[in-house]
Amino acid sequence: MPLVAGVDSSTQSCKVVIRDADSGVLVRSGRATHPPGTEVDPAEWFVALGEAISAAGGLDDVAALSVGAQQHGLVCLDSSGEVVRPALLWNDTRSADAATALVEELGGAQAWADAVGVVPLAAITASRLRWVADAEPHNADRTAAVCLPHDWLTWHLGTDAGLDALATDRGDASGTGYFSAVTDEYREDLLRLAFRDRRPQLPRVAGPYERVGEHRGGAVIGPGTGDNAAAALALDAGEGDVVISIGTSGVVSAVSSAAARDASGIVAGFADATGRQLPLVCTLNAARVLDATTTLLGVDHAALSSLALAAPPGSDGLVMVPYFEGERTPNRPHATGAVHGLTIATSTPAHLARATVEGLLCGLADGVDHLIAQGVQVRRVILIGGGARSEAVRRLAPAILGVPVLVPSPGEYVADGAARQAAWTLAGTDRPPTWPQADTQRYEADPQPQVRERYAAVRDLTDGVQPPTE
Ligand SMILES: Nc1ncnc2c1ncn2[C@@H]1O[C@H](COP(=O)(O)OP(=O)(O)O)[C@@H](O)[C@H]1O
Ligand SMILES: O=C(CO)[C@@H](O)[C@H](O)COP(=O)(O)O
């Protein structure tokens with residue numbers, strides 16, 4: 001009965017699960033926090049990973065492991081493998097202008113959608129490369145290789161320290177803007193365009209269950225993948241399943257045989273971890289919007305949820321547009337959040353709590369509509385991530401999303417997907433091992449289109465004006 005480990009190195013924390021490779025049963029787990037901010041020294045991830053591994057009882061008895069991690073972050077390495085500058089994360093919006101320039105230089109959004117299924121936004125790795133090339137040419141000149149957070153962690157866990165040992169998978173590579181999930185090849189021309197004619201080494205793109213290294217303790221290392229592809233693997237998401245994750249990011253995605261080609265740039269044509277596609281919509285603001293309102297109201301998450309459920313649907317016209325950290329969907333990197341409809345009657349904690357949950361869910365419902373417009377079938381939503389722990393989110397979700405919502409028991413689904421990939425790598429079979437699915441709770445409710453209509457009317461009042469700087 002071999003054991004396998006799965007890692008989720010996400011924006012806010014690192015989680016490790018250790019499961020039985022055959023049955024999938026959870027044996028032990030651990031976690032550690034990441035530093036705040038939108039640029040992070042990758043060494044901090046490795047420290048947190050070490051802490052999470054220790055908290056999970058170590059890897060001595062583990063036969064295989066894989067890493068899932070936040071997508072898109074740019075890690076620049078010099079020729080000796082040292083990190084050139086702190087990694088720029090997916091939620092760092094300083095590359096917004098670089099993204100706009102890249103879109104224009106290739107001939108517009110359609111050209112990018114046709115080339116790689118992804119239109120550069122601030123989040124996409126290619127935009128960060130351009131930002132480094134222009135703002136920090138000395139760092140760009142020192143950069144011999146670029147990789148993603150999961151690639152870097154996987155490489156550091158292995159025994160081979162050479163740049164040639166860097167590996168990624170198509171799930172994470174598809175979020176760079178210089179890899180096509182249709183041809184499964186890097187687009188060197190787009191890499192050069194982004195990095196102003198520099199051609200850094202890239203990780204080789206491994207197959208879905210290929211061994212890419214060995215841990216010093218002897219465990220086989222699987223290719224790993226981006227966090228959203230890992231979650232889809234854990235949930236065994238199929239046709240008609242839309243996975244919504246409410247973590248730091250809000251993600252709406254679906255496993256599909258068809259690649260997305262959305263010239264609006266809203267639906268990204270990413271790949272999954274099994275050889276298929278993962279059309280995906282991502283918002284910059286999700287669980288932290290709930291966190292912000294707990295701070296505003298001076299309550300904890302349980303109280304916020306109770307307050308939200310105590311206010312009427314639509315919160316008597318109070319609407320929160322949750323663009324607290326700028327926004328990616330819609331693409332408004334410089335937007336800020338807004339509350340509309342304040343009256344004496346709506347100036348209550350319950351109304352604000354309800355407007356927060358509804359605003360968050362309305363943004364995600366917009367994402368579901370964009371997936372539908374790309375031909376994705378939506379039979380039901382599977383809701384995961386820290387925000388799914390909120391009872392109010394779970395109960396209001398079916399009314400706002402208009403479909404039944406399944407909530408698996410609270411767990412670490414990204415780390416679980418990585419663990420399932422590790423078991424697959426160990427087995428070396430064509431299909432991943434069949435693991436039983438977590439118990440789920442089903443939520444249904446009458447649709448409340450009026451809530452979305454009011455949100456839509458207010459959403460477009462928000463602008464891209466940057467807040468004053470000191
Ligand atoms: N009961 C809860 N209700 C609402 N939000 C919660 C709850 N518990 C945790 N969270 C929030 O969920 C987020 C963490 O979720 P997670 O999916 O782990 O995020 P990430 O993968 O981006 O690190 C945090 O912002 C946390 O405050
Ligand atoms: O940018 C995306 C997807 O395109 C995000 O989903 C990141 O992958 C970070 O995820 P979390 O920190 O929310 O887990």
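Every heavy atom of this structure was used, including side-chain atoms; hydrogens, water molecules and symmetry mates were not. Keep in mind that this is a model prediction, so the values were computed, not measured. Order of listing sets the numbers, starting from 1, for every ligand and every atom in it.
Considering backbone and side-chain N/O of D291, one or more are found under 3.5 Å from N/O of ligand 1. In terms of N/O distances under 3.5 Å, ligand 2 is not approached by S10.
Salt-bridge check for R354 with D316: failed, with every basic side-chain N at 4.0 Å or more from each acidic carboxylate O. Between E39 and R94 there is a salt bridge, since at least one side-chain N of the basic residue sits less than 4.0 Å from a carboxylate O of the acidic one.
Contacts of V251 with ligand 2, taken as heavy-atom pairs under 4.0 Å, involve the side chain alone. The residue H34 has no part lying near ligand 2, judged by heavy-atom distances below 4.0 Å. With a heavy-atom cut-off of 4.0 Å, Q70 does not touch ligand 1 at all.
When hydrogens are left out, the protein atom nearest atom 18 (O) of ligand 1 is K15 NZ, 2.8 Å; that is the closest non-hydrogen contact. Closest to atom 12 (O) of ligand 2, if we only count protein heavy atoms, is T11 OG1, 2.2 Å. Counting protein heavy atoms only, atom 5 (N) of ligand 1 is closest to H301 CE1, 3.3 Å. Protein heavy atom at the shortest distance from atom 6 (O) of ligand 2 is S249 OG, 2.8 Å.
The option with the heavy atom closest to atom 9 (C) of ligand 1, from among A286, G386, A287, is G386.
Heavy atoms of Q12 stay at 4.0 angstrom or farther from ligand 2. Ligand 1 has no atom lying under 4.0 Å from any heavy atom of E412.
Within 6.0 Å of the CZ atom in R395, the count of heavy atoms belonging to other residues, nucleotides or ligands does not exceed 12.
Atom-to-atom distance recorded for D291:CG and T356:OG1 is 11.0 Å, nearest 0.5 angstrom.
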